[in-house]
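Structure, as C-alpha cells:
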Amino acid sequence: MALLKKINQILLLLLVLTVCAILYNKVHKVPSALKNEAVDLESPEETEEEIPVVICAAAGRMGAAIAAISSIYSNTEANVLFYIVGLKNTIPHIRKWIENSKLKEIKFKVVEFNPMVLKGKIRQDAARPELLQPLNFVRFYLPLLIQKHEKVIYLDDDIIVQGDIQELYETKLAPGHAAAFSDDCDLPSTHEMVRSVGMQNTYMGFLDYRKQAIRDLGISPSTCSFNPGVIVANMTEWKHQRLTKQLEKWMQRNVEENLYSSTLGGGVATSPMLIVFHGKYSAINPMWHIRHLGWSPDTRYSEHFLQEAKLLHWNGRYKPWDYPSVHTDLWENWFIPDPSGKFKLTRPDS
C-alpha cells in the first residue's frame, strides 16, 4: 500500500507540473515569427498568390517589354512576379533598364533562353525573318523555364495592359485544357478591321492545305484560328500532355515538308500551336486581347472601344515604337525611356 501511495503522489505531482507549464505558456506566449530574428512577419502582399507573367525582352525591341511591364505593374495591386526572358547578350541591358527606372520596385527574375534548343527545328524563311527570332518560340518551352508555378500568363512584348492582370489570371481552364487563347472570330468589333486589311482568321491562313500532312489532320480550313500572343497556361496539364514535344515534332516536320511559312497569315510560331491545341483550349475574355493594331498604318479602332479594352496588342508589322504605326499614344503612356540611350523611339520628327 505504501508503494501504491507513493506512485499516486508522483503522478499527482507530474499532473500539477504539466498544468503549470500549460498556464505559463498561455500567459507568456511569444509569436513564433518573433522567436527567430531571421523570420519576418509576413505582410498581406507576401501571403497573396503570386501571378507569374512571362515576357520576352528581345534585342532591338527591348522598349516593348518595358512598356508592357510598366502597364501591368501600374494597373494592379496583385502580387505579380515577372519572368523576363532574354538571350545571354541582352540580359545585362534589360536588368540595368529596370533597376535604373521606376520599375526597380517590381518583383522579377531574368531567365536566359538557350537558342540551341531550336537547332534543326526552324525552317529558314526570308519572307519575314523577324519571325524566326529564337524568343518567338519561348512560349513552346514554358514548363522548362517556369517550374514552380501551376498557372502562368505568357504575353507577347508588343502589348499593353489597361485592366487588372488579376482578372486575366483568373481565366477558367476547362478540365484537360492546358491553355486558354483568344479566338480570332470572338469579337464582332474586330471583324471590320480583319476584312479591311485582308487578314486571315481561319486555319487556311496559317497552314498549307495543299500538303497531305495538313489534310490528314482532319481540320476544316474554315476553322477559326486563335492568337497565341496572350496565353493563360496550366503547367501541370502542359507537361502531362507533353505539349512541348508535340510542338517540336511539328516544327521538325515543317523543316522537312514546308507545311507552313511566314508568307501565310501568322508566321512560324502560331501554326504548330494551331495544330497541337486544336479543339483543346479554353477561351479568354475577348476584351483581354484586342489585337491587329499593328496590321495597317491606315486602319484604326474607335477611341471609345480602345478605352474599354483590357489589353491591346500591336501584332503585325507596324509596331508602336516604330513609324508608321497607329494608336501610339496609348502605348507611349507606359513607355519608360532607356537610361543607357540605346533604345530610341522612331517618330516622324525624330
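Quantities reported herein were computed from a predicted structural model and do not represent experimental measurements. All heavy atoms count here, side chains included; hydrogens, waters and symmetry mates do not.
- For the atom pair CE of M273 and CZ of F206, the computed distance is 12.5 Å after rounding to the nearest 0.5 Å.
- Sorted by first and then second residue, the salt bridge (charged side-chain N to carboxylate O under 4.0 Å, His left out) pairs with a member in residues 163-178 read E167-K310; sequence neighbours excluded.
- The aromatic rings of W97 and H93 lie parallel to each other, with less than 30° between the two planes, well short of the 60° mark.
- Annotation: R215, atom CZ; neighbour count of heavy atoms from other residues, nucleotides and ligands within 6.0 Å is above 12.
- Judged purely by atom type and a 3.5 angstrom limit, N254 uses its side chain to pair as donor or acceptor with the backbone of L259.
- Looking at S325, its side chain does come within 3.5 Å of a backbone N or O of D322 through a donor-acceptor pair.
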Please set out all donor-acceptor pairs under 3.5 angstrom arising from side-chain atoms of residues 84-91, sequence neighbours excluded.
residue	atom	partner	partner atom	Å
T90	OG1	L87	N	3.3
T90	OG1	L87	O	2.9

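- Annotation: side chain of Y169 is in contact with side chain of I153 (closest heavy-atom distance under 4.5 Å).
- Look at E50 and K107 and you find a salt bridge, because one of the NZ, NE, NH1 or NH2 atoms lies within 4.0 Å of a carboxylate O, short of that distance.
- Residue A57 comes nearest to M62 through the heavy atom pair CB-CG, 4.1 Å, listed as atom of the first residue, atom of the second, then distance.
- Taking the six-membered ring where tryptophan is involved, the planes of Y203 and H278 are perpendicular, since the angle between them exceeds 60° and thus also 30°.
- Distance check, rounded to the nearest 0.5 Å: CD1 of I69 to OG of S74 gives 11.0 Å.
- Under the 3.5 Å distance criterion, the side-chain polar atoms of E105 are left unmatched by any main-chain donor or acceptor of K102.
- Cluster membership check: W288 shares its hydrophobic cluster with F305, using side-chain heavy-atom separations under 4.5 Å among Ile, Leu, Val, Met, Phe, Trp and Tyr.
- Side-chain atoms of K342 never come within 3.5 Å of backbone atoms of P339 as a donor-acceptor pair (strictly under, hydrogens ignored).
- The shortest side-chain heavy-atom distance between I122 and F137 falls under the 4.5 Å cut-off.
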Inset, instruction - Run the numbers on H289 and N227 for side-chain contact (heavy atoms from CB on, under 4.5 Å), then give the verdict. - result: CA-CA 9 Å; H289 196 178; N227 187 298; 3.2 Å; yes
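- Linking ILVMFWY side-chain heavy atoms closer than 4.5 Å, directly or via other members, places V111 and V138 in a single hydrophobic cluster.
- Side-chain atoms of H177 and N234 form no donor-acceptor pair, as typed in the model, at a separation below 3.5 Å.
- Within the 3.5 Å criterion, the main-chain N or O of A68 finds a donor-acceptor partner in the side chain of S71.
- At least one side-chain heavy atom of I146 sits less than 4.5 Å from a side-chain heavy atom of V54.
- Within the model, atoms CG of D183 and CD1 of I284 stand 10.0 Å from one another, a figure rounded to the nearest 0.5 Å.
- The distance from the NZ atom of K239 to the OG1 atom of T244 is 10.0 Å, given to the nearest 0.5 Å.
- V326 and Y318 fall into different hydrophobic clusters, where Ile, Leu, Val, Met, Phe, Trp and Tyr residues are linked whenever their side-chain heavy atoms come under 4.5 Å apart, directly or through other members.
- Test L312, L345, I159 against W331 for side-chain contact (heavy atoms from CB on, under 4.5 Å) and you get one pass: L345.
- Residues V230 and Y154 have side chains not in contact (no heavy-atom distance under 4.5 Å, counting atoms from C-beta outward).
- Atom CG of L118 and atom CG of N136 lie 10.0 Å apart (nearest 0.5 Å).
- For the pair L293/N315, no side-chain contact is recorded, criterion being any heavy-atom separation below 4.5 Å from C-beta on.
- Of the possible donor and acceptor atoms, one in the side chain of K151 sits under 3.5 Å from a partner among the backbone N and O of T171.
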Inset, instruction - Before giving the answer on side-chain contact (heavy atoms from CB on, under 4.5 Å), spell out for W295 and R317 the whole-Å C-alpha distance, their side-chain angles and the decisive distance to 0.1 Å. - result: CA-CA 6 Å; W295 274 92; R317 294 176 184 266; over 6 Å; no
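- With hydrogens and angles ignored, the 3.5 Å screen pairs no side-chain donor or acceptor of R253 with any backbone N or O of M251.
- Q241 places a side-chain N or O within donor-acceptor distance of the main-chain N or O of G176, the cut-off being under 3.5 Å.
- Closest of all the heavy-atom pairs between L330 and W314 is CB-CH2, 4.4 Å.
- Within the 4.5 Å cutoff, side-chain heavy atoms of L103 are placed close to those of I66.
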Legend entry - Y141 and E248: CA distance, side-chain angles, deciding distance, side-chain contact (heavy atoms from CB on, under 4.5 Å) verdict: CA-CA 10 Å; Y141 296 94; E248 288 184 324; 2.7 Å; yes
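- Between the side chains of D184 and S225, at least one donor-acceptor pair of N or O atoms lies under 3.5 Å.
- Residues N258 and R123 have side chains in contact (heavy-atom distance under 4.5 Å, counting atoms from C-beta outward).
- Heavy atoms only, all atoms of each residue included: Y260 and P272 are closest at OH-CG, 3.2 Å.
- A distance-only check finds no donor-acceptor pair linking the side chain of T236 to the backbone of E150 [under 3.5 Å].
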Inset, instruction - Run the numbers on I55 and I72 for side-chain contact (heavy atoms from CB on, under 4.5 Å), then give the verdict. - result: CA-CA 11 Å; I55 297 179; I72 295 167; 4.0 Å; yes
Inset, instruction - Any chance you could lay out the salt bridge (charged side-chain N to carboxylate O under 4.0 Å, His left out) test for E332 and R347, step after step, and finish with the verdict? - result: CA-CA 12 Å; E332 272 193 66; R347 295 293 179 255; 2.9 Å; yes
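- Counting all heavy atoms, side chain and backbone alike, R61 lies closest to F343 at CA-CE1, 3.7 Å.
- Not a single donor-acceptor pair under 3.5 Å links the side chain of T202 to the backbone N or O of C224.
- The hydrophobic cluster containing M235 also contains V117, counting ILVMFWY residues as joined when their side-chain heavy atoms lie under 4.5 angstrom apart, directly or transitively.
- Contacts classified as disulfide bond (SG atoms under 2.5 Å apart) and involving residues 277-317 (residues at least two apart or in different chains) are not found.
- When all heavy atoms of I290 and A309 are compared, the pair lying nearest together is CG1-CB, 3.5 Å.
- Contact between Q166 and A78 at its shortest, heavy atoms only, is OE1-CB, 3.4 Å.
- Screening residues 211-252 for ring pair (Phe, Tyr, Trp, His ring centres under 6.0 Å) gives F181-F226, F226-Y281, W238-F277 as the qualifying pairs, with residues at least two apart or on separate chains.
- The stretch residues 132-147 participates, sequence neighbours left out, in these salt bridge (charged side-chain N to carboxylate O under 4.0 Å, His left out) pairs: R139-D156.
- There is no path of hydrophobic side-chain contacts, each under 4.5 Å, that joins I275 to V255.
- Note: Q212 CD to L217 CG = 10.0 Å, rounded to the nearest 0.5 Å.
- Here ring pair (Phe, Tyr, Trp, His ring centres under 6.0 Å) pairs that include residues 61-90, with residues two or more places apart or in two chains, are Y83-H149.
- Between L168 and V232, the closest side-chain pair of non-hydrogen atoms falls below 4.5 Å.
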